[in-house]
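Predicted model, so just to flag it, every value in this text is computed and none were measured.
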Amino acid sequence: MIRLVLALILIALPGLAFGQVGGLEAVTVQDTEDGQTYSLSIQILFLMTVLTLLPAGLLMMTSFTRIIVVLAILRQAIGTASTPSNQVLIGLALFLSLFVMAPVFQQINTQALQPYLNEELGPLDAAQAASEPLRAFMTAQTREEDLGLFLRIAGEEEVLEDPADVPFTVLVPAFVTSELKTAFQIGFIIFLPFLVIDLVVASTLMSMGMLMLSPMIISLPFKIMLFVLVDGWSMIMGTLASSFFTG
């Protein structure tokens, strides 16, 4: 993903510099045999608009949402309020998302970015080609009931028969809903063993009459020890990554 962003920026910089030096018009549209073509100024404007939407795309159209929600639930289950910090969790989620999405980004690079850089595809055709691998990934991770829900709301349930025809305005909310549902299911399974430790410690302290001592203080070392003994971080990261590939 970083490679794609850098490549797009490199595409824009020469056009921006040339526009400033050569005094090109801000907006130029030319009619050709293949249709209308737009000047580099419009392409740069479109590129800058796309860059502003990258954070939203990262959150809503990749594996980032599921990963960050599971990691946040894990931190809550262990009982460490701010350890690992939000920056560490976001960094873990970001790079694990890059690992999971690497095949998709590779397809986008092969099918859309490289042909566009070689002037084999126009901007619109390149955008269409880039959307196909991303659509396939999102469709594979979206539950049929969630997709059907938003299709019914949009009134297109009987119109669309091929999943490839589902518009992004329907696919994205269905995908996010499925991701949140899956993340909470994984979080529930993660939470159970830590909940058992909290219950055992609380009942033990109550039976000993130590009501003034917080069970969270006593159970925290045991939960950390359990998590370390079972190699919890490797299990969590491996499970999250494999959940996308086994789908």
Side-chain angles (χ1 to χ4, degrees), residues 1-19 24 27-67 93-142 147 150-151 156 160-176 178-179 241 243-247:
M1 182 176 184
I2 297 176
R3 179 184 176 185
L4 295 178
V5 174
L6 292 177
L8 291 175
I9 294 175
L10 290 176
I11 296 171
L13 287 179
L16 181 59
F18 183 74
L24 292 178
V27 176
T28 58
V29 181
Q30 299 178 353
D31 293 325
T32 62
E33 296 179 355
D34 298 330
Q36 291 183 335
T37 60
Y38 299 90
S39 67
L40 283 177
S41 300
I42 297 180
Q43 295 181 22
I44 293 170
L45 178 62
F46 175 75
L47 173 63
M48 300 306 295
T49 303
V50 170
L51 291 178
T52 60
L53 298 176
L54 277 180
L58 175 65
L59 290 174
M60 299 290 100
M61 302 173 67
T62 67
S63 58
F64 185 85
T65 298
R66 181 191 304 186
I67 296 171
L94 176 60
F95 282 96
L96 186 58
S97 297
L98 292 177
F99 171 78
V100 172
M101 300 297 296
V104 178
F105 293 151
Q106 183 61 38
Q107 293 181 22
I108 293 176
N109 179 63
T110 304
Q111 299 178 13
L113 182 58
Q114 293 303 322
Y116 175 74
L117 295 179
N118 296 329
E119 299 183 355
E120 299 174 0
L121 291 177
L124 296 180
D125 293 333
Q128 179 64 29
S131 67
E132 294 177 359
L134 192 59
R135 177 189 294 274
F137 170 80
M138 296 171 63
T139 303
Q141 301 299 326
T142 303
L147 186 59
F150 286 95
L151 285 174
E156 300 180 356
L160 299 176
E161 297 180 357
D162 189 357
D165 297 333
V166 178
F168 268 95
T169 54
V170 174
L171 182 58
V172 171
F175 170 74
V176 174
S178 295
E179 288 294 281
S243 67
F244 290 96
F245 293 105
T246 58

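Here the side chain of N118 pairs a donor or acceptor atom with the backbone of Q114 at under 3.5 angstrom. Side-chain atoms of T142 do not come within 3.5 Å of backbone N or O of L147 as any donor-acceptor pair.
Atom CZ of R135 sits about 6.0 Å away from atom CG of L171, to the nearest 0.5 Å. With rounding to the nearest 0.5 Å, the separation of CG in L113 from CD in Q106 is 10.5 Å.
When all heavy atoms are compared, the tightest approach of E179 to T62 is OE1-O, 4.4 Å. The shortest heavy-atom contact between F175 and M138 is CD1-O, 3.6 Å.
Aromatic ring pairs are classed by plane angle as parallel below 30°, tilted from 30° to 60° and perpendicular above 60°; the pair F244 and F137 is parallel.
Evaluation of the side-chain contact (heavy atoms from CB on, under 4.5 Å) rule for S97 yields S63, F64, I67 as partners, not counting sequence neighbours. Residues forming a side-chain contact (heavy atoms from CB on, under 4.5 Å) with P115 (at least two apart in sequence, or on another chain): E120, L121. Judged as a side-chain contact (heavy atoms from CB on, under 4.5 Å), and not counting sequence neighbours, the contacts of P133 are V104, Q107, I108, Q111. For S131, the side-chain contact (heavy atoms from CB on, under 4.5 Å) partners two or more places apart in sequence, or in a different chain, are Q128, F168. Residues satisfying the side-chain hydrogen bond (donor to acceptor under 3.5 Å, both in side chains) criterion with S178, sequence neighbours excluded, are D146.
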Begin with the C-alpha distance, continue with both residues' side-chain angles, and end with the deciding distance and a verdict on side-chain contact (heavy atoms from CB on, under 4.5 Å) for F150 and T169. CA-CA 9 Å; F150 286 95; T169 54; over 6 Å; no

